[in-house]
Asks: 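Pasting a structure here, questions to come.
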Amino acid sequence: MGQGARSRRAQADDGELGAAVARAQQGDEAAFAVAYRIVQPGLLGYLRGLVGEDAEDVASDAWLEIARDLDRFQGDGAGFRGWTATIARHRALDHLRRRRVRPRQAALDPDVLDLPAPHSTHDQALESLSTEQALRLVRTLPQDQAEAVLLRVVVGLDGPAAARVLGKRPGAVRTAAHRGLKRLARRLGAEDAGGGVTDEPPRALGESK
Amino acid sequence: MGDRSNGGDPGHRHALADPVGPPGGSRRVLDEATLEALLAAVVRGGAVDAEGEQRAVAAFRAARAAREARPSAARTRRRDDWRPRERWRPRRSVRTVLSVLLASLTLGGVAVAAIGSAGFPVGGAGAGRDRPPAPAGTAPGRPGGQPSARPGSPPASASPDRPDSAQDTEAHCRAYARGSGRGDALDATAWRRLVAAAGGADRVAAYCAGRLAHATVGPGGTPGRSGDATGAANGPGGTHAGGATGSQGSGNSGSGNGSSGSSGSGNGDTSSGNSRGGDSGGNGAGTGGQGKGSNGGAGSRTGKNDD
């Protein structure tokens with residue numbers, strides 16, 4: 001997996017994040033807000049991939065738990081990303097379990113997979129990609145690949161941390177992320193050609209097994 | 001980060017898209033890093049909403065207040081410990097390997113020691129009995145050659161170099177050491193052979209001490225334990241003044257260690273020499289004393305008979 005600009009930026013944030021978390025553990029409210037602003041975008045993107053449109057609610061639940069248990073946490077900025085991602089994932093899985101009890105139509109519409117400008121290049125296709133389109137694209141992946149891609153690329157975790165969040169071996173997570181990205185690129189190429197190839201029906205991640 | 005190990009690999013940034021792509025696009029190649037960056041930017045896109053931040057901070061404030069009311073609540077569980085793993089996980093594994101190694105060495109040492117201590121008396125005798133070449137080599141050189149010195153055993157003296165002769169001698173010496181405390185220690189033939197092998201009745205003790213020390217210490221007896229054996233044997237031999245215990249002490253110590261065997265026989269010599277005024281050698285004094293004791297007993301019996 002290449003070291004993308006995102007993960008490099010996440011690493012640059014880690015120092016500031018670690019300091020903010022340490023201050024928040026001393027009771028600094030403003031520092032906690034700083035940590036929230038650093039972590040929340042990736043967390044929300046991950047949750048959108050997991051639970052779709054309910055991501056905001058699940059994130060809110062997760063932050064309640066994060067604030068409650070902040071004193072228990074030990075680690076640096078990168079560790080805080082992994083810790084919060086674990087909490088968010090548990091909340092998301094709880095949410096999906098509840099939702100499965102009273103099922104409703106998945107908010108997914110395969111038409112949304114139509115990517116803009118069918119004959120543009122990959123880069124142009126990606127640049128004009130909306131958040132929703134990108135997430136739906138990710139959701140077409142098998143769940144392990146989608147989660148691995150989201151944790152690595154969107155949350156900005158390293159391999160071992162992503163593996164710990166998922167409860168899997170680092171090698172398995174690395175392979176899953178690599179395959180997921182490869183499949184995404186291929187799918188973009190297919191969409192790009194205007195073929196509209198969708199060999200798998202898109203679905204919410206948590207509902208796929 | 002797994003990224004770091006792979007990030008430096010130039011061959012890793014290969015094309016993700018199918019190289020034989022549709023002809024419409026101008027650039028088919030999309031490397032993984034670009035895809036990651038764009039995906040991250042798109043999915044993470046959008047400003048953090050202030051409302052969510054306010055909710056989180058309010059939750060933080062409430063948690064703080066609850067914590068101050070109950071100060072000792074927070075305890076780090078395993079799932080809360082996200083300190084860097086790469087640093088302490090290998091150290092733990094090294095520590096594990098070292099402790100396992102240490103434990104195996106300790107257990108191995110204990111096992112070897114147990115084998116040694118349990119097997120020493122049996123193994124010492126067995127090794128002395130089974131040890132073929134060294135006694136066979138030394139047997140012809142001892143004082144008083146076998147053919148002339150053993151007149152009463154025709155099959156034994158038929159082959160002068162047979163390895164059994166040395167083992168016979170050692171067995172006799174052991175029987176001598178064991179039985180010298182009792183009256184009828186050795187039958188006449190064995191005793192005569194031993195005397196002949198030693199080159200005289202007064203040299204039997206020294207001869208046997210030398211042979212047995214060679215037989216037991218030679219095949220790997222540990223010095224510390226033989227020292228213990230001689231100490232234990234010397235203790236009773238010195239304190240109890242009887243000639244029987246004195247000579248028995250010398251016999252045991254002779255089998256354990258040569259040098260302390262001589263000192264043990266010296267102790268036995270003084271005690272038994274006082275009581276019986278016997279022979280020159282310590283062990284010889286023991287048997288001599290026994291012989292006299294039995295004679296004395298016979299004398300008293302005859303005295304009774306006379307009454």
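Small disclaimer: the values here were computed from a predicted structure and weren't measured. Chain letters run A, B, ... following the sequence lines, proteins first, then strands; residues in each count from 1.
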Asks: With sequence neighbours left out, write down each residue that passes ring pair (Phe, Tyr, Trp, His ring centres under 6.0 Å) with B/F60, or none if nothing qualifies.
Replies: A/F32
Asks: Please give me the minimum heavy-atom distance between A/V153 and B/A40, naming the atom from each residue.
Replies: O-CB, 3.4 Å
Asks: Give, as side chain, backbone, both or neither, the part of A/D61 having an atom under 4.5 angstrom from any heavy atom of chain B.
Replies: neither
Asks: What part of A/F73 gets closer than 4.5 Å to chain B, counting heavy atoms only: side chain, backbone, both or neither?
Replies: both
Asks: Working to the nearest 0.5 Å, report the span between CZ of A/F80 and CH2 of B/W82.
Replies: 12.0 Å
Asks: Say you draw a straight line from CZ of B/R79 to NE2 of A/H90; how long is it, rounded to the nearest 0.5 Å?
Replies: 7.5 Å
Asks: What pair of heavy atoms forms the shortest contact from B/P84 to A/D76, and how long is it?
Replies: CG-OD2, 3.8 Å
Asks: Which residue out of A/R37, A/Q40, A/R48 racks up the most heavy-atom pairs below 4.5 Å with chain B?
Replies: A/R37
Asks: Salt bridge check, B/R64 against A/D71: does any charged N sit closer than 4.0 Å to a carboxylate O?
Replies: yes
Asks: Between B/V57 and A/A33, which heavy-atom pair has the shortest distance, and what is it?
Replies: CG2-CB, 3.9 Å
Asks: Please list, chain by chain and in numerical order, all residues satisfying side-chain contact (heavy atoms from CB on, under 4.5 Å) with A/A162, sequence neighbours excluded.
Replies: A/L151, A/R152, A/L157, A/V173
Asks: Answer yes or no: does atom CD of A/E16 have more than 12 heavy-atom neighbours from other residues, nucleotides or ligands under 6.0 Å?
Replies: no
Asks: Would a 4.5 Å heavy-atom cut-off, applied to side chains only, mark A/V34 and B/E53 as touching?
Replies: no
Asks: What residue in A/G27, A/A163, A/S60 has the most heavy-atom pairs under 4.5 Å with chain B?
Replies: A/G27
Asks: Who pairs with A/D94 by side-chain contact (heavy atoms from CB on, under 4.5 Å), at least two apart in sequence or on another chain?
Replies: A/R91, A/R97, A/R98
Asks: Whether the side chain of B/T76 engages the backbone of A/R72 through a donor-acceptor N/O pair (distance < 3.5 Å, no angle test) should be reported.
Replies: yes
Asks: Step by step, would you call A/V138 with B/L39 a side-chain contact (heavy atoms from CB on, under 4.5 Å)?
Replies: CA-CA 9 Å; A/V138 169; B/L39 204 59; 4.3 Å; yes
Asks: So for A/A161, is it side chain, backbone, both, or neither that comes closer than 4.5 Å to the heavy atoms of chain B?
Replies: both
Asks: Under 4.5 Å, heavy atom to heavy atom, which residues of residues 98-111 of chain B contact chain A?
Replies: none
Asks: Side chain from CB out, backbone as N, CA, C, O: work out which of these in A/A59 comes under 4.5 Å of a heavy atom of chain B, or both, or neither.
Replies: neither
Asks: I'd like to know if the side chain of B/R44 reaches the main chain of A/V154, judged simply by a donor and an acceptor atom lying under 3.5 Å from each other, with no hydrogens or angles considered.
Replies: yes
Asks: Which value, rounded to the nearest 0.5 Å, describes the distance between B/D49 atom CG and A/L44 atom CG?
Replies: 7.5 Å
Asks: Side chain, backbone, both or neither: which part of A/L64 has a heavy atom under 4.5 Å from chain B?
Replies: both
Asks: Determine yes or no for a side-chain-to-main-chain donor-acceptor pair under 3.5 angstrom, with A/T131 supplying the side chain and B/V42 the backbone.
Replies: yes
